[in-house]
Amino acid sequence: MSSRPLCFSHSVIIDVLRAIVSRPISSNTTTVRCCSAKSYRHSNSRHQALFWQQQQQQQQLSWTNPHCITPSLGRRLYASRALSVPVMEEEVPEEEEDRWRDLESLIEQEPMNKDHSCTLNDTTATSASSLSSTTSSKGKLRRELYDGRIIDIPGYKLIKPKRGPRTVQDFNRSIKEAVMDHRMNKALSYVRKMESQELRPDAVSYTLIINGFSKLSDMKRAHKWYHRMKRNGIEPDVYTYTGLIDGYMRIADVANSENTFRTMMIKGIRPTLVTYNVLMHHSVRQLDVSTAVRFWSRLVDAGLQPDAYTFAIMMHGLGDEGRVDQAWRLYEEMKKENVDVNHVVATTLMGIHVKHHDNSYAIELFRKFFNESGGGKRLAPTSYTRNVMLNAVVANAKLSTIHEYYEQFLQELDKDKDNKPSRSLLFSGASVYTYTTFMRAFLRRDALPMVSQVYQDMRVRHVKPTMVTYAILMLTHAYIPDPDSCVRILNELKHAGFKPNVVLYTIVMRAWAKAGRWDEMKQTYADMKAANIEPSKSTMSVLQWGSEHNRFE
DNA sequence: CTCAACGCTT
């Protein structure tokens, strides 16, 4: 791989990408967004030329380094109104970290149990109590959520009375484990312990913490620990900066992304391929493919070679814009470049077809990449792959079939408990994604009690719900319609310190609208605006739908 | 191989 020619083939790819991006959408793929953007480009070509000229001048003024993030990115990201843009604030006092503990207590409360119209049946209740008794007796067996799976740790007692981490490496390993479980307080306690001992935390320790907060989009704390790191005389490295850039891009805070990038360059730290992949990833998620293409040429300019992730990110972006055939074209380019087709690329292709409801082809792709050894090597599916596959399988299935799959899933979990390796291609342990997929599948077939059932099963196994899980629960209540329960869940989330996004508010509004309670719907909308959350397209359609019905009554 | 990138919601 190292022997292949450098710049020539790369510049060919850039040309291909540029051609792909600027080419009109082929007739068999329909995406309103792309078409309108295209016509915009045509009708404004003179404006655009002027715009670019200004960009060039601005770039020379404010950016001295050729690898800087383009200034236009910020403006466009703000305009994309994908997310609200928080302002950087002062450092927060330590006590505020309680919100994670609050979440734990929220989970203990099992909020869906009490006044929920879809009641829990007896079998679950018994299995719930028996399982929680296993967990609470911390004697011989401990169940833990690890890497998205529930695992049993036998001989817990023998391992546990350890003296704790002794070296910096030990500590860092523990910190990493805690961060992976999203137990930030635990991770922080390790760092504080280190700081109070002679083992000073090193760059890895602080970076783990900073990246942990970045992943949770908690940039206030990420920034705070970045300061603490510097105050303690530890120099941030490229991992630290990449993590910060990732976090800022997650919350659409381009100004701070750019600042971080610039700081890194000033310190003479070169961005790596991962840094660019992160930027490209957020570009295709929140902006468009052509912005990502610009980063692609930046990374080539910097002498880096795109890898399978780079291609996968770009293919994903093309797929999202409805350019499925062009994603495949890029895939062909990638093979020509001898870049190894890995599981990420294969899964991305599957995901593209699932997204476009071409589920049978997605399943065929799974066979091709992950199940057939003929020709090339057989890839190993990850839990992500399995989830995409499950979504494809479940998409067109009858309700009874979904019940069967769910039973299978629960049986697999029991097998896991006995340490038998699971051979299922669809499930991978008790992942929140698997549960959520089933919840959505049951919701779509109006099997509301099953939505609740799956949620309970998930809780019983101590799998933490995500925002999406809550969104589906709220959707279920909106469907009934039981707007009060929607509001209750929303408030619980707020109380746990989470900031509900536009999707959650819109679901509550739908619930009010469906119940015919227009005033409350408008009030929810006002609350959302007050929380500085920009309405989305579907928010507006709910509003409009509500006002039309209101008028006719 | 003690640190970084991917999936689920209207």
Side-chain angles (χ1 to χ4, degrees), chain A residues 148 165 167-177 179-180 201-212 214-215 236-247 249-250 271-282 284-285 307-310 312-313 315-317 342-348 350-352 354-355 382-391 394 428 431-441 443-444 465-476 478-479 486 500-511 513 535-542 545:
Chain A
T167 64
V168 174
Q169 282 83 355
D170 279 350
F171 267 106
N172 287 346
R173 237 189 314 274
S174 303
I175 294 169
K176 187 191 174 188
E177 249 174 54
V179 168
M180 269 175 28
D202 64 1
V204 174
S205 324
Y206 284 113
T207 301
L208 281 166
I209 297 293
I210 291 165
N211 292 339
S214 290
K215 264 213 200 88
D237 60 14
V238 65
Y239 288 85
T240 323
Y241 288 115
T242 302
L244 282 170
I245 290 171
D246 175 43
M249 289 297 280
R250 253 172 225 264
T272 66
L273 182 61
V274 178
T275 317
Y276 286 103
N277 282 350
V278 165
L279 285 166
M280 286 172 61
H281 167 74
H282 290 292
V284 298
R285 291 254 69 116
D307 66 356
Y309 287 93
T310 321
I313 289 164
M315 284 157 58
H316 198 133
N342 66 5
H343 61 95
V344 179
V345 176
T347 311
T348 300
M350 283 173 62
I352 289 173
V354 171
K355 193 191 164 93
T382 63
S383 53
Y384 165 34
T385 315
R386 281 189 255 258
N387 186 252
V388 173
M389 181 66 177
L390 179 63
N391 274 295
V394 143
S428 54
S431 151
V432 62
Y433 299 117
T434 312
Y435 285 108
T436 309
T437 298
F438 275 114
M439 283 171 68
R440 199 188 58 224
L443 171 61
R444 284 192 179 155
T466 66
M467 283 278 211
V468 181
T469 318
Y470 286 116
I472 291 178
L473 276 182
M474 286 168 65
L475 272 173
T476 313
Y479 184 88
C486 284
N501 58 16
V502 57
V503 178
L504 297 187
Y505 275 105
T506 307
I507 292 170
V508 178
M509 284 170 59
R510 284 166 69 94
S536 70
K537 231 177 181 174
S538 48
T539 317
M540 299 319 283
S541 73
V542 172
W545 186 78

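When the P atom of B:dC8 is taken as reference, atom OH of A:Y435 falls 20 Å away, rounded to whole Å. Rounded to an integer number of Å, the gap from A:D246 CG to B:dC3 P is 17 Å. Taking atom CG of residue A:L244 and atom P of nucleotide B:dA4, one finds them 14 Å apart after rounding to whole Å. As rounded to whole Å, 14 Å separates atom C1' of B:dT9 from atom OH of A:Y470. With rounding to whole Å, A:N501 atom CG is found 13 Å from B:dT9 atom P. Between the CE atom of A:M249 and the C1' atom of B:dA5 there is a distance of 13 Å, given to the nearest Å. Per the geometry, CE belonging to A:M509 stands 16 Å off P belonging to B:dT10, to the nearest Å. Rounded to whole angstrom, the span from the CG atom of A:L208 across to the C1' atom of B:dC3 amounts to 5 Å.
Closest approach to the A:Y309 side chain among B:dA5, B:dC8, B:dG7 is made by B:dA5 (side chain taken as heavy atoms from C-beta onward). If you check B:dT10, B:dC3, B:dA4 against the side chain of A:S538, the one that comes closest is B:dT10. Picking from B:dA5, B:dA4, B:dT9 the nucleotide with the shortest atom distance to the side chain of A:K215 gives B:dA5. Distance from the side chain of A:H316 is smallest to B:dG7 among B:dG7, B:dT9, B:dT2. Which of B:dC3, B:dA4, B:dT9 sits closest to the side chain of A:V274 comes down to B:dA4.
Using a 4.0 Å heavy-atom cutoff across all strands shown, A:D307 reaches at least one base atom of the nucleic acid. Within 4.0 Å (heavy atoms only), A:L475 reaches sugar-phosphate atoms of the nucleic acid but no base atom. In this structure, A:T437 reaches neither bases nor backbone, as no heavy-atom distance under 4.0 Å exists between it and the strands shown. When heavy atoms are screened at a 4.0 angstrom cut-off, A:V388 is found touching no nucleic acid atom at all. A:T466 comes within 4.0 angstrom of a nucleotide base, judged by non-hydrogen atoms across all strands. Residue A:T272 is classed as a base contact, given a heavy-atom separation below 4.0 Å to a base. Looking at heavy-atom distances under 4.0 Å, A:D237 makes contact with a base.
Between the side chain of A:N501 and the main chain of A:L504, a donor-acceptor pair closer than 3.5 Å is present.
Side-chain contact between A:N342 and A:V345: present, with at least one pair of heavy atoms (C-beta onward) separated by less than 4.5 Å. Here the side chains of A:E177 and A:R173 are not in contact, with every heavy-atom distance at 4.5 Å or above.
For B:dG7, the OP1/OP2 oxygens have no side-chain nitrogen or oxygen of A:R440 closer than 4.0 Å. Close to B:dC6, at under 4.0 Å from its OP1 or OP2, lies a side-chain N or O of A:R250. Within the structure, a side-chain polar atom (N or O) of A:H281 is placed less than 4.0 Å from OP1 or OP2 of B:dC6.
Put simply, CG on A:D246 and NE2 on A:H282 are 4.0 Å apart, with the number rounded to the nearest 0.5 Å. Here A:T348 contributes atom OG1 and A:Y309 contributes atom OH; the two are 10.0 Å apart, rounded to the nearest 0.5 Å. Here the straight-line distance linking atom CZ of A:R285 with atom CE of A:M249 works out to 12.5 Å at 0.5 Å rounding.
With centroids closer than 5.5 Å and planes inclined by less than 30 degrees as the test, A:Y239 and the base of B:dC3 pass as a stacked pair.
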